[in-house]
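The structure appears right after this line, and notes come after that.
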Number of protein chains: 2
Amino acid sequence: MAVAYEQIADDLRRSIRAGELAAGDRLASESKLAEQYRKSVPTVRQALRVLQSEGLIEKLHGRGNFVRRPRTVAKRTNSRHQWEKDRAREPRAKRLKTGATEHDTGLGVQDLVFLASYREIKADDRLAEIFCVPAGSALVERTYRTRYAAESAPFTLVTSYLVRALVEENPDLLDETKEPWPGGTQNQLFTVGIELGRIDEKVTARPPSPEEADELELPPGTSVIVLQKISYDINDRAVEMSDVVLPGDRTEMYFTTPLERW
Amino acid sequence: MAVAYEQIADDLRRSIRAGELAAGDRLASESKLAEQYRKSVPTVRQALRVLQSEGLIEKLHGRGNFVRRPRTVAKRTNSRHQWEKDRAREPRAKRLKTGATEHDTGLGVQDLVFLASYREIKADDRLAEIFCVPAGSALVERTYRTRYAAESAPFTLVTSYLVRALVEENPDLLDETKEPWPGGTQNQLFTVGIELGRIDEKVTARPPSPEEADELELPPGTSVIVLQKISYDINDRAVEMSDVVLPGDRTEMYFTTPLERW
DNA sequence: GAGTGGTCTAGACCACTGT
DNA sequence: CAGTGGTCTAGACCACTCC
């Protein structure tokens, strides 16, 4: 009944689940497996494709097929926003100690590696509409990569936008060498007199672009979670927007919604 | 440079994007395509697999390969919770008119098809911990399927749990024929004297189980978004939990986080 | 029954990895 | 260089759909 490639996939899956093949182990070569199961190599490869799409194995050209190691789950909350706001007016010494990502993940600043780069761009139609500025207005585009010190792949790719005219009175906000900025974006905005009143987040999932799959080290078949965050000041003006790309296989997001009393 | 199957995939992708192949059109048969591109059938099939994993085509055994129709995006917000709470004490006539899903999607009750079934279960360890009851306690398990009247696949699979002891004083709450219940779960809980104080939602993404892929009509390679919702009453007691499975390719979720003033 | 996609074979050659 | 996975061929046979 069951087709051959499914039987092979089932058998290998069972071996992995049972621990006969441990995380990081190399599987027998495809030609060896074909011999063992008395099937052709393409049939074995079809079985391996199934396991790969389930995230159980990793195919490395010229090296072999390996049992995938489980990766650390990265957590993200919406309480981070109020937490960051509360710290935005604290003294630098306190802000230096920890940031919103550490708040979410429960790790210390030494466990995370952080890369930032800034450049200036002109607003396209989407960004112009969000910020209610004319298309072509000057924006600051900031890209961030955050990863665990012990792993090679980042767990978030962030592109953040600010309206240049709103922040240029503090030249440090245009200088990427000031990153990581203690206290984060909310403290940066505080230095130019902006207080946030509300944050809207839109969450979707989609297949990764080839570049995203490469950078996040995603197995084929894994989706990315895409989060678009817009920060509004206390006058309901959009002052910051971020596109956040998160690996679907290792991200958990938590949202708390308080309700008003009757 | 570029390998054959990628060239074929690129060419077909371009045809679809350019509209030469419209949504719902059948592609030429695999043997015809092999002839056209002067490649073997397995190579053509490899190209089609790429397009399938991108959600661009749908393979129907015995019928052909078809350009996939874009499906309606389903929206979900967290403002639905306050909205539903505000309506929970309204008269039945008002609650009948519309529900939280209509609030999210902007549609009327006539555009949506709704299925519900109830059964009684015993709490497993996970549920016992969430509700702070002994394992084995009686729970009401309620499953819901919601779809657009014009489409065949539901856009949400919901499994919701209540502690039987908390709701059994109103026998209607154990009766699935009372669904769809005007005013939703928050009105149901109101009838037994429960007011919600907070809702926590946890969001992750993962590959679908075969059953989920089948029911949601997901193309291979598409993830599902999994949302676990826990509703707490005003004394911080968990009173309801839902597991919500959403198709990753057609779901948008919106979360608003208000911030306290400085 | 004709036409379609699904599975499978047996083997060739190429590209990548590590020694 | 040997060994590995990646691509590709040419064809066989099966399962499904629709007429």
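This structure is a prediction, so every number in the text was calculated from the model and none was measured. Per chain, numbering begins at 1; letters A, B, ... match sequence-line order.
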Is it the case that more than 12 heavy atoms not belonging to Arg69(B) sit under 6.0 Å from its CZ atom? no
Whole angstroms only, please: what is the OH-C1' distance between Tyr5(A) and dC8(C)? 12 Å
Nearest whole angstrom, please: distance from the P of dG3(D) to the CZ of Arg26(A). 11 Å
Considering only dT7(C), dT7(D), dA10(D), which nucleotide approaches the side chain of Ser40(B) most closely? dA10(D)
Does atom CD of Glu129(A) have more than 12 heavy-atom neighbours, drawn from other residues, nucleotides or ligands, at distances under 6.0 Å? no
Separation of Glu6(B) atom CD from dT7(D) atom P, in whole Å? 8 Å
Close residues, residues 27-37 of chain B, relative to DNA chain C [heavy-atom separation under 4.0 Å]: Ser29(B), Glu30(B)
Distance check needed: dC8(C) P versus Leu48(A) CG, whole Å only. 14 Å
Over how many whole Å does the gap from Glu58(A) atom CD to dG5(D) atom C1' extend? 14 Å
Mind checking if Arg49(B) touches a base, just sugar-phosphate, or nothing, with heavy atoms under 4.0 Å? nothing
Short side-chain N/O contact to dT9(D) OP1/OP2 from Thr43(B), under 4.0 Å: yes
Taking all heavy atoms of Leu216(B) and all of Pro154(B), pick out the closest pair and write down the distance. CD2-O, 3.3 Å
Under 3.5 Å, which donor-acceptor pairs do the side chains of residues 35-42 of chain B form with other protein atoms, sequence neighbours left out?
| from | atom 1 | to | atom 2 | distance (Å) |
| --- | --- | --- | --- | --- |
| Tyr37(B) | OH | Asp11(B) | OD2 | 2.5 |
| Ser40(B) | OG | Thr43(B) | OG1 | 3.1 |

I would like to know whether Arg76(B) and Glu201(B) meet salt bridge (Lys or Arg N to Asp or Glu O under 4.0 Å); could you show each step before the answer? CA-CA 12 Å; Arg76(B) 181 184 171 97; Glu201(B) 291 169 291; 3.4 Å; yes
Sequence neighbours excluded, the answer for salt bridge (Lys or Arg N to Asp or Glu O under 4.0 Å) partners of Lys32(B) is none
In chain order, what residues pass the salt bridge (Lys or Arg N to Asp or Glu O under 4.0 Å) check against Glu151(A), with sequence neighbours excluded? Arg250(A)
Phosphate oxygens OP1/OP2 of dG5(D): is one of them under 4.0 Å from a side-chain N or O of Asn65(A)? yes
Any idea which of dG6(D), dT9(D), dT4(D) is nearest the Arg45(A) side chain? dG6(D)
Applied to residues 108-128 of chain B, the ring-ring contact (aromatic ring centres under 6.0 Å, His included) test, sequence neighbours excluded, yields Phe114(B)-Tyr144(B)
What I want to find out is whether Lys229(A) reaches Glu240(A) closely enough, with some N-O distance under 4.0 Å, to be called a salt bridge. yes
Counting just side-chain N and O atoms, does Lys39(A) come under 4.0 Å of either OP1 or OP2 of dC8(C)? no
Any protein N or O atoms within reach of nucleotides 11-17 of chain C? Criterion: under 3.5 Å, listing atom names and distances.
| from | atom 1 | to | atom 2 | distance (Å) |
| --- | --- | --- | --- | --- |
| dA15(C) | N3 | His61(A) | NE2 | 3.1 |

Can you tell me the distance, in whole Å, between the CD atom of Gln46(B) and the P atom of dT7(C)? 15 Å
